[in-house]
Amino acid sequence: MTDYEAVAADTLNIVEKYVDSDGWKPWKQSNGLTMVYKDSSDFDGNVYKSWFELDVSPDIVIDLAWDIKKRQKWQSCIPSNDGIECIERINEDLLILRSVSVPQMKGLIGSRDFIDVYGRYRYPDNQVTVIYWGSTTHPSYSDSVKGHVRGHNYPSATFFYPVDGNPNQTRGLNILQLDGRLRPRKITDRFLPNLQFDMFADIKKVLKDMEY
(Lines give C-alpha, C1' and ligand atoms only; values in the text may rest on other atoms or scores of the structure.)
Protein backbone atom coordinates (compact mmCIF):
# COMPACT_ATOMS: atom_id res chain seq x y z
CA MET A 1 0.00 0.00 0.00
CA THR A 2 1.37 3.39 -0.99
CA ASP A 3 2.38 5.71 1.85
CA TYR A 4 0.87 8.87 0.39
CA GLU A 5 2.05 11.09 3.22
CA ALA A 6 5.64 10.01 2.52
CA VAL A 7 5.15 10.63 -1.22
CA ALA A 8 3.78 14.08 -0.42
CA ALA A 9 6.70 14.90 1.88
CA ASP A 10 9.21 13.88 -0.81
CA THR A 11 7.35 15.95 -3.41
CA LEU A 12 7.39 19.06 -1.22
CA ASN A 13 11.06 18.61 -0.39
CA ILE A 14 11.98 18.44 -4.07
CA VAL A 15 10.07 21.57 -5.10
CA GLU A 16 11.54 23.52 -2.19
CA LYS A 17 15.03 22.74 -3.47
CA TYR A 18 14.12 23.95 -6.96
CA VAL A 19 12.93 27.32 -5.63
CA ASP A 20 16.34 28.23 -4.25
CA SER A 21 18.46 26.51 -6.89
CA ASP A 22 20.51 28.31 -9.55
CA GLY A 23 21.32 27.63 -13.20
CA TRP A 24 18.03 28.91 -14.64
CA LYS A 25 17.86 30.20 -18.21
CA PRO A 26 15.40 32.83 -19.49
CA TRP A 27 12.44 31.52 -21.47
CA LYS A 28 9.66 34.06 -21.89
CA GLN A 29 7.91 37.02 -20.32
CA SER A 30 4.33 37.88 -21.25
CA ASN A 31 1.25 39.49 -19.68
CA GLY A 32 2.66 39.60 -16.16
CA LEU A 33 4.23 36.14 -16.05
CA THR A 34 7.99 35.63 -16.27
CA MET A 35 9.37 32.15 -16.93
CA VAL A 36 12.81 30.53 -16.75
CA TYR A 37 13.85 26.90 -17.20
CA LYS A 38 16.66 24.36 -16.80
CA ASP A 39 17.22 20.61 -17.04
CA SER A 40 15.18 18.68 -14.52
CA SER A 41 16.92 16.59 -11.88
CA ASP A 42 13.96 14.20 -11.88
CA PHE A 43 13.58 13.13 -15.51
CA ASP A 44 14.89 13.71 -19.02
CA GLY A 45 13.11 17.01 -19.59
CA ASN A 46 12.87 20.60 -18.42
CA VAL A 47 11.66 22.08 -15.17
CA TYR A 48 10.08 25.53 -15.45
CA LYS A 49 9.96 28.28 -12.85
CA SER A 50 7.70 31.29 -13.23
CA TRP A 51 6.54 34.13 -11.03
CA PHE A 52 3.65 36.56 -11.03
CA GLU A 53 1.70 39.12 -9.02
CA LEU A 54 -2.06 39.42 -8.53
CA ASP A 55 -4.00 42.28 -6.95
CA VAL A 56 -6.00 40.08 -4.56
CA SER A 57 -5.25 38.54 -1.19
CA PRO A 58 -3.42 35.19 -1.05
CA ASP A 59 -6.44 33.54 0.60
CA ILE A 60 -8.60 34.24 -2.47
CA VAL A 61 -6.06 32.82 -4.92
CA ILE A 62 -5.35 29.80 -2.72
CA ASP A 63 -9.06 29.01 -2.50
CA LEU A 64 -9.40 29.10 -6.29
CA ALA A 65 -6.41 26.79 -6.69
CA TRP A 66 -7.36 24.32 -3.94
CA ASP A 67 -11.11 23.98 -4.39
CA ILE A 68 -11.73 21.26 -6.98
CA LYS A 69 -15.14 22.49 -8.10
CA LYS A 70 -13.83 26.01 -8.59
CA ARG A 71 -10.76 24.80 -10.49
CA GLN A 72 -12.96 22.92 -12.94
CA LYS A 73 -14.78 26.14 -13.75
CA TRP A 74 -11.80 28.43 -14.37
CA GLN A 75 -9.00 26.15 -15.61
CA SER A 76 -9.41 25.87 -19.38
CA CYS A 77 -7.09 22.87 -19.82
CA ILE A 78 -9.50 20.52 -18.01
CA PRO A 79 -13.16 19.66 -18.75
CA SER A 80 -15.51 21.92 -16.81
CA ASN A 81 -17.73 19.18 -15.33
CA ASP A 82 -15.64 16.09 -14.69
CA GLY A 83 -12.04 17.15 -15.19
CA ILE A 84 -10.95 16.45 -11.61
CA GLU A 85 -11.93 13.60 -9.31
CA CYS A 86 -10.91 13.20 -5.68
CA ILE A 87 -10.12 9.48 -5.47
CA GLU A 88 -9.13 9.55 -1.80
CA ARG A 89 -8.89 12.15 0.94
CA ILE A 90 -5.89 11.43 3.17
CA ASN A 91 -6.52 14.45 5.40
CA GLU A 92 -7.76 18.02 4.98
CA ASP A 93 -4.47 19.06 3.37
CA LEU A 94 -3.69 16.00 1.25
CA LEU A 95 -5.78 14.51 -1.54
CA ILE A 96 -5.32 11.88 -4.23
CA LEU A 97 -6.70 13.28 -7.46
CA ARG A 98 -7.34 12.04 -10.95
CA SER A 99 -7.34 14.86 -13.47
CA VAL A 100 -8.05 14.83 -17.18
CA SER A 101 -6.80 17.32 -19.74
CA VAL A 102 -8.62 18.46 -22.85
CA PRO A 103 -6.87 17.96 -26.23
CA GLN A 104 -4.29 20.66 -26.94
CA MET A 105 -2.69 22.35 -29.95
CA LYS A 106 -5.74 21.80 -32.20
CA GLY A 107 -5.88 18.11 -31.40
CA LEU A 108 -2.19 17.41 -32.00
CA ILE A 109 -1.94 16.46 -28.33
CA GLY A 110 -4.71 14.12 -27.19
CA SER A 111 -6.29 13.97 -23.74
CA ARG A 112 -4.07 12.94 -20.82
CA ASP A 113 -5.02 11.68 -17.40
CA PHE A 114 -2.95 12.01 -14.23
CA ILE A 115 -3.03 10.41 -10.78
CA ASP A 116 -1.45 12.78 -8.27
CA VAL A 117 -0.89 13.52 -4.66
CA TYR A 118 -2.23 17.06 -4.21
CA GLY A 119 -1.13 18.78 -1.04
CA ARG A 120 -1.32 22.09 0.78
CA TYR A 121 1.07 23.41 3.41
CA ARG A 122 1.32 26.73 5.22
CA TYR A 123 4.73 27.66 6.58
CA PRO A 124 4.27 28.88 10.16
CA ASP A 125 7.14 31.37 10.19
CA ASN A 126 6.27 33.59 7.20
CA GLN A 127 2.63 32.82 6.26
CA VAL A 128 3.63 31.47 2.85
CA THR A 129 1.33 28.76 1.51
CA VAL A 130 2.28 26.15 -1.08
CA ILE A 131 0.06 23.88 -3.12
CA TYR A 132 2.10 21.03 -4.55
CA TRP A 133 1.49 17.91 -6.62
CA GLY A 134 3.22 14.94 -8.20
CA SER A 135 2.25 11.64 -9.77
CA THR A 136 1.56 8.53 -7.76
CA THR A 137 -0.41 5.30 -8.18
CA HIS A 138 -3.83 4.25 -6.89
CA PRO A 139 -5.69 0.95 -7.22
CA SER A 140 -8.82 2.72 -8.46
CA TYR A 141 -6.98 3.68 -11.65
CA SER A 142 -4.14 1.22 -12.11
CA ASP A 143 -4.23 1.80 -15.87
CA SER A 144 -5.07 4.79 -18.03
CA VAL A 145 -8.70 5.08 -19.01
CA LYS A 146 -9.67 4.41 -22.64
CA GLY A 147 -9.34 7.57 -24.67
CA HIS A 148 -6.56 9.02 -22.50
CA VAL A 149 -2.80 8.63 -22.26
CA ARG A 150 -1.43 8.42 -18.71
CA GLY A 151 0.84 11.41 -18.13
CA HIS A 152 3.29 11.93 -15.32
CA ASN A 153 3.60 15.03 -13.17
CA TYR A 154 7.03 15.29 -11.61
CA PRO A 155 7.18 17.32 -8.37
CA SER A 156 5.52 20.67 -9.06
CA ALA A 157 4.04 23.46 -6.96
CA THR A 158 2.75 26.99 -6.64
CA PHE A 159 3.95 29.12 -3.72
CA PHE A 160 1.74 32.01 -2.59
CA TYR A 161 3.53 34.87 -0.83
CA PRO A 162 1.85 37.70 1.08
CA VAL A 163 3.06 41.22 0.33
CA ASP A 164 4.14 43.25 3.37
CA GLY A 165 1.94 46.28 3.83
CA ASN A 166 -0.54 45.20 1.15
CA PRO A 167 -2.94 42.43 2.25
CA ASN A 168 -4.74 42.63 -1.11
CA GLN A 169 -1.78 41.54 -3.20
CA THR A 170 -0.23 38.13 -3.85
CA ARG A 171 3.15 37.15 -5.22
CA GLY A 172 3.28 33.68 -6.71
CA LEU A 173 6.01 31.31 -7.83
CA ASN A 174 5.40 28.18 -9.92
CA ILE A 175 7.56 25.09 -10.31
CA LEU A 176 6.30 22.91 -13.13
CA GLN A 177 7.61 19.71 -14.72
CA LEU A 178 5.55 17.22 -16.65
CA ASP A 179 6.05 14.26 -18.95
CA GLY A 180 3.04 14.12 -21.23
CA ARG A 181 4.40 11.06 -23.08
CA LEU A 182 4.96 13.18 -26.17
CA ARG A 183 7.49 12.51 -28.88
CA PRO A 184 9.49 14.26 -30.15
CA ARG A 185 10.46 16.13 -26.99
CA LYS A 186 10.30 19.51 -28.74
CA ILE A 187 6.48 19.19 -28.70
CA THR A 188 6.55 19.05 -24.89
CA ASP A 189 9.04 21.93 -24.77
CA ARG A 190 6.60 24.03 -26.78
CA PHE A 191 3.37 22.89 -25.13
CA LEU A 192 4.22 22.95 -21.43
CA PRO A 193 5.34 26.60 -21.10
CA ASN A 194 2.30 27.75 -23.07
CA LEU A 195 0.09 25.77 -20.69
CA GLN A 196 1.47 27.77 -17.77
CA PHE A 197 0.77 31.09 -19.51
CA ASP A 198 -2.75 29.90 -20.34
CA MET A 199 -3.40 28.99 -16.70
CA PHE A 200 -2.23 32.39 -15.53
CA ALA A 201 -4.55 34.05 -18.04
CA ASP A 202 -7.39 31.81 -16.80
CA ILE A 203 -6.98 32.84 -13.18
CA LYS A 204 -6.74 36.53 -14.08
CA LYS A 205 -9.95 36.19 -16.05
CA VAL A 206 -11.89 34.51 -13.26
CA LEU A 207 -10.71 37.15 -10.78
CA LYS A 208 -11.90 39.85 -13.16
CA ASP A 209 -15.24 38.09 -13.62
CA MET A 210 -15.61 37.85 -9.84
CA GLU A 211 -14.85 41.59 -9.69
CA TYR A 212 -11.92 41.29 -7.32
Side-chain angles (χ1 to χ4, degrees), residues 1-25 27 33-52 58 61-62 65-66 68 71 75 77-78 83-101 112-123 126 128-138 141 144 149-161 171-182 185 188-189 191-200 203:
M1 183 176 179
T2 303
D3 185 344
Y4 292 117
E5 291 184 333
V7 174
D10 288 344
T11 300
L12 181 56
N13 181 57
I14 290 170
V15 294
E16 288 174 336
K17 291 179 179 178
Y18 276 123
V19 170
D20 296 324
S21 67
D22 54 16
W24 299 94
K25 304 171 186 177
W27 182 271
L33 187 73
T34 300
M35 179 175 288
V36 295
Y37 76 103
K38 66 177 180 177
D39 290 340
S40 171
S41 300
D42 301 299
F43 77 117
D44 182 22
N46 291 334
V47 54
Y48 299 88
K49 180 167 73 170
S50 58
W51 52 93
F52 59 88
V61 188
I62 292 165
W66 180 256
I68 293 174
R71 274 185 61 200
Q75 196 170 340
C77 66
I78 59 177
I84 307 175
E85 173 190 357
C86 181
I87 305 171
E88 185 175 345
R89 181 180 296 272
I90 308 302
N91 55 55
E92 65 177 9
D93 292 313
L94 182 60
L95 312 174
I96 309 302
L97 301 182
R98 176 180 180 260
S99 58
V100 176
S101 68
R112 264 58 180 167
D113 73 338
F114 302 86
I115 309 298
D116 295 315
V117 294
Y118 194 71
R120 174 178 58 180
Y121 180 71
R122 184 162 185 162
Y123 297 89
N126 57 11
V128 173
T129 297
V130 58
I131 293 177
Y132 59 93
W133 60 95
S135 282
T136 187
T137 58
H138 196 277
Y141 289 99
S144 58
V149 175
R150 177 63 47 83
H152 192 103
N153 281 314
Y154 288 89
S156 303
T158 301
F159 292 80
F160 303 92
Y161 300 87
R171 291 196 180 111
L173 186 149
N174 302 308
I175 299 293
L176 183 65
Q177 47 180 349
L178 180 156
D179 184 358
R181 305 290 194 260
L182 297 170
R185 177 177 156 179
T188 298
D189 292 344
F191 155 70
L192 191 53
N194 288 340
L195 179 64
Q196 190 67 65
F197 282 95
D198 290 345
M199 289 176 63
F200 183 58
I203 201 163

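We use all heavy atoms of the structure for the numbers below, so side chains are in, but hydrogens, waters and symmetry mates are not. We count residues from 1, following the sequence as given.
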Atom pair CG (N174) and OG1 (T34), whose distance is rounded to the nearest 0.5 Å: 11.5 Å

Closest heavy-atom pair and its distance - A8, L94: CB-CD1, 3.7 Å

Residues forming a side chain to side chain donor-acceptor pair (under 3.5 Å) with Q75, sequence neighbours excluded: R71

Flag side-chain contact, heavy atom, 4.5 Å: T129 against P58: no

Where A157 and V15 come nearest, the two heavy atoms and their spacing: CB-CG2, 3.9 Å

Spacing of OG belonging to S101 relative to CG belonging to L178, to within rounding of 0.5 Å: 8.5 Å

Pairing residues for D42 by the salt bridge (Lys or Arg N to Asp or Glu O under 4.0 Å) criterion, not counting sequence neighbours: none

Partner residues of K17 under the side chain to side chain donor-acceptor pair (under 3.5 Å) criterion, sequence neighbours left out: none

Partners meeting ring-ring contact (aromatic ring centres under 6.0 Å, His included) with Y121 (sequence neighbours left out): Y123

ring-ring contact (aromatic ring centres under 6.0 Å, His included) against Y132, all qualifying residues, sequence neighbours excluded: none

Distance-only polar pair, side chains of E88 and Y4, donor-acceptor under 3.5 Å: no

Set of salt bridge (Lys or Arg N to Asp or Glu O under 4.0 Å) partners for R122, sequence neighbours left out: none

Which residues share a ring-ring contact (aromatic ring centres under 6.0 Å, His included) with F159, sequence neighbours left out: none

Ring geometry between W27 and Y37 (parallel below 30°, tilted from 30 to 60°, perpendicular above 60°): perpendicular

Separation of C77 SG from D198 CG (nearest 0.5 Å): 8.0 Å

Closest heavy-atom pair and its distance - S156, Q177: OG-N, 3.1 Å

Separation between NE2 of H152 and CD1 of I115, rounded to the nearest 0.5 Å: 12.0 Å

Heavy-atom pair of closest approach, residues N91 and D93: OD1-N, 2.8 Å

Closest non-hydrogen atom pair between A65 and Y118, with its separation: O-OH, 2.7 Å

Salt bridge (Lys or Arg N to Asp or Glu O under 4.0 Å) against R98, all qualifying residues, sequence neighbours excluded: D113

Check: K38 main-chain N/O paired with K49 side-chain donor or acceptor under 3.5 Å: no

Audit row: T2, I96, side chain to side chain contact (heavy atoms under 4.5 Å, CB included) steps and yes/no: CA-CA 11 Å; T2 303; I96 309 302; over 6 Å; no

Any residue meeting side chain to side chain donor-acceptor pair (under 3.5 Å) with T11, in chain and number order, not counting sequence neighbours: none

CA sep, side-chain torsions, deciding dist, call: T158, W133, side chain to side chain contact (heavy atoms under 4.5 Å, CB included): CA-CA 9 Å; T158 301; W133 60 95; 3.9 Å; yes

Y18 side chain near L176 side chain, heavy-atom distance below 4.5 Å: no

Atom pair CD1 (I78) and OG (S99), whose distance is rounded to the nearest 0.5 Å: 7.0 Å

Closest approach of Y161 to L173 (non-hydrogen atoms, all atoms of both residues): CE1-CB, 3.9 Å

Salt bridge (Lys or Arg N to Asp or Glu O under 4.0 Å) partners of R171, counting only residues at least two apart: E53

L97 side, atom CG; F114 side, atom CZ - distance, nearest 0.5 Å: 12.5 Å

Residues in ring-ring contact (aromatic ring centres under 6.0 Å, His included) contact with F200, at least two apart in sequence or another chain: F52

Under the side chain to side chain donor-acceptor pair (under 3.5 Å) test, residues paired with N153 that sit two or more places apart: D116

